[in-house]
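One structure is given below, encoded as structure tokens.
Heavy-atom basis, side chains included; hydrogens, waters and symmetry copies ignored. Chain naming here is simple, since letters A, B, ... match the order of the sequence lines and numbering starts at 1 in each.
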2 protein chains.
Amino acid sequence: MTAEGTAPPRRARDADASRKALLDAAAALFDARGYGGATVREIGERAGLDAALIARYFGSKEGLYLAVLADEERAAERGPLEPDLAALAERLLTRWDGAEAPLRRALASPAPTPPERAQLRRIVRRLTDPAKEAIGGGEDAALRAELLVALLVGVSVSRANGTLAKLAGASRAQVLRQLAPLLEALEGGEGSR
Amino acid sequence: MTAEGTAPPRRARDADASRKALLDAAAALFDARGYGGATVREIGERAGLDAALIARYFGSKEGLYLAVLADEERAAERGPLEPDLAALAERLLTRWDGAEAPLRRALASPAPTPPERAQLRRIVRRLTDPAKEAIGGGEDAALRAELLVALLVGVSVSRANGTLAKLAGASRAQVLRQLAPLLEALEGGEGSR
DNA sequence: GCAGTAAGTCAACAGTTGATGACATCGCTC
DNA sequence: GAGCGATGTCATCAACTGTTGACTTACTGC
């Protein structure tokens with residue numbers, strides 16, 4: 001009854017808990033299906049609530065999506081400042097690999113709306129700014145920090161969707177091992193040639 | 001009238017040309033919107049034809065999608081054998097960057113069906129096998145070749161969707177320059193440390 | 001214990017979607 | 001030129017989607 005992915009048991013009425021349940025259900029389904037593939041009925045069912053509460057509490061499905069992204073933004077702001085690219089990679093992979101991770105799905109989504117895109121850019125800036133400074137700051141460093149994010153998005157979504165067979169089948173330790181020289185190259189930049 | 005993205009002018013009836021028009025329109029829209037975001041009406045309109053022809057010629061929307069992926073598979077098979085990771089990166093970036101590229105979108109899609117996933121795996125194998133051999137063959141080499149694909153998927157989709165600001169704003173030459181040390185690291189493997 | 005309100009549900013709606021089959025039209029062959 | 005079949009269109013359908021508002025029920029405070 002309380003198994004992973006099924007609706008939670010009935011509980012006393014609690015709007016905050018209901019909002020949280022909808023956010024959690026939405027995060028999982030937006031990650032697994034993408035924004036368009038996740039329906040409000042499925043989100044409601046997974047949360048153990050009626051889908052009408054989505055419009056009630058968040059204004060709309062889009063409002064719920066932006067709230068899920070706002071949660072990711074808060075987590076990025078509350079998290080530690082990652083001092084270098086290796087720490088950032090570790091953090092993102094830990095957060096994204098084998099988990100319900102709406103952020104990596106959103107970063108790979110096909111046609112973000114302007115508010116979505118703005119929010120995602122803010123989150124990425126928050127995540128990458130400290131590590132960017134550690135490799136010298138400036139435009140090149142920002143580009144390399146973002147290359148790391150792009151790499152991890154690619155790794156993460158393809159491990160989740162199974163399209164790259166070896167990557168999907170590898171252990172996280174293996175993936176980290178193979179990523180290590182890439183991280184060094186990113187930390188060194190084109191001068192490392 | 002024949003501007004990019006709008007329906008082509010009326011022409012004499014030609015089933016092959018119509019099939020091609022639908023495939024082209026679908027490729028563009030599956031890339032831009034993802035599979036779920038592209039509607040049969042929009043595909044039909046873009047092809048200058050009625051959407052009913054999708055079911056007629058391809059059986060269903062899903063059948064059209066698999067046909068688009070089959071085109072990508074044929075292109076991979078007919079293309080040259082890329083001798084190393086650098087050549088593969090050049091080829092994929094040329095094919096994917098600033099273009100209508102259903103393959104990169106498909107490789108990042110949230111929930112591929114088993115036939116979709118099988119097809120994508122075949123395409124990736126075809127693309128990576130030669131370059132994999134150039135870095136020694138074996139499981140580690142395969143993993144590294146796939147890491148390159150994951151990286152380029154991440155770079156390509158984020159440049160298209162604009163979620164990573166610096167990467168989206170950089171010229172292709174800049175991106176290639178920053179990728180160069182990553183490619184070297186992938187060619188060297190973890191032994192390059 | 002009762003009243004009032006907040007929380008949750010249910011039914012319905014308008015619009016959209018992929019698919020189907022009837023119909024129209026074009027083009028080729030005789 | 002006529003006939004036939006292939007090609008393309010149009011109208012329609014069932015199912016689905018996000019949203020809305022009426023209704024129900026639970027909970028809190030007096």
Discussion item. Given 3.5 Å as the limit, does a donor-acceptor pair link the side chain of A/R144 with the main chain of A/L186, or not?
Written reply: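 Indeed, once roles are kept as given, a pair shorter than 3.5 Å links the two residues.
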Worksheet item: Hey, which of these two, B/R41 or B/A12, hits DNA chain D nearer its 5' end, going by closest nucleotide?
Response: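 In this pair, the answer is B/A12.
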Discussion item. So, does A/R19 get its side chain near the phosphate of C/dA6, meaning an N or O under 4.0 Å from OP1 or OP2?
Written reply: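 The answer is no; no side-chain N or O of A/R19 sits under 4.0 Å from OP1 or OP2.
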Practice prompt. Please state whether the phosphate of C/dG8, meaning OP1 or OP2, lies under 4.0 angstrom from any side-chain nitrogen or oxygen of A/S18.
Written response: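 Affirmative; the distance criterion is met.
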Over how many whole Å does the gap from [X] atom [atom1] to [N] atom [atom2] extend?
X     : N      : atom1 : atom2 : answer
B/L49 : D/dT7  : CG    : C1'   : 10 Å
B/E42 : C/dT16 : CD    : P     : 12 Å
A/R11 : D/dA26 : CZ    : P     : 14 Å
B/D14 : D/dA6  : CG    : C1'   : 12 Å
A/E45 : C/dG8  : CD    : P     : 17 Å
A/D50 : D/dA26 : CG    : C1'   : 16 Å
B/R33 : C/dT17 : CZ    : P     : 10 Å

Worksheet item: Looking at A/L152, A/V155, A/V157, which one forms a side chain to side chain contact (heavy atoms under 4.5 Å, CB included) with A/R104?
Response: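 Testing each of A/L152, A/V155, A/V157 against A/R104, the sole residue satisfying side chain to side chain contact (heavy atoms under 4.5 Å, CB included) is A/V157.
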Would [X] and [Y] pass as an ion pair if we require N to O under 4.0 Å?
X      : Y      : value
A/D24  : A/R46  : no
B/R95  : B/E72  : yes
A/E139 : B/K166 : yes

Could you list all N or O pairs between the protein and nucleotides 28-30 of chain C that sit under 3.5 Å apart?
none

Worksheet item: For B/D97, what residues pass the side-chain hydrogen bond (donor to acceptor under 3.5 Å, both in side chains) criterion, not counting sequence neighbours?
Response: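 Counting only residues at least two positions away or on another chain, B/D97 forms a side-chain hydrogen bond (donor to acceptor under 3.5 Å, both in side chains) with B/R159, B/R172.
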Discussion item. Any N or O donor-acceptor pair under 3.5 Å from the base of D/dT25 to the side chain of A/R13?
Written reply: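 Check passes, donor-acceptor contact within cut-off.
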Fill in: A/A15 side-chain proximity, nearest of C/dG8, D/dG8, C/dG18
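The answer is C/dG8.
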Worksheet item: Heavy atom of residues 52-65 of chain B under 4.0 Å from DNA chain D: which residues?
Response: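 DNA chain D contact set from residues 52-65 of chain B: B/A52, B/L53, B/R56, B/Y57.
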Worksheet item: Does the side chain to side chain contact (heavy atoms under 4.5 Å, CB included) test come out yes or no for A/L103 and A/V124, once each step is laid out?
Response: CA-CA 10 Å; A/L103 180 57; A/V124 169; 5.9 Å; no
Fill in: Check against side chain to side chain contact (heavy atoms under 4.5 Å, CB included), B/L147 and B/L151
CA-CA 6 Å; B/L147 268 179; B/L151 169 63; over 6 Å; no
Item to complete: Answer with base, sugar-phosphate or nothing: what part of the nucleic acid does A/A51 contact at a heavy-atom distance below 4.0 Å?
Response: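 Touches nothing.
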Worksheet item: When we call it a touch if two heavy atoms are under 4.0 Å apart, what does B/A38 touch: a base, just sugar-phosphate, or nothing?
Response: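 Counting heavy atoms under 4.0 Å across all strands, the contact made by B/A38 is with sugar-phosphate only.
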Practice prompt. Over 60° means perpendicular and under 30° means parallel, so classify the ring planes of B/Y35 and B/Y65, tilted if in between.
Written response: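 Because their plane-to-plane angle lies in the 30° to 60° range, the rings of B/Y65 and B/Y35 count as tilted.
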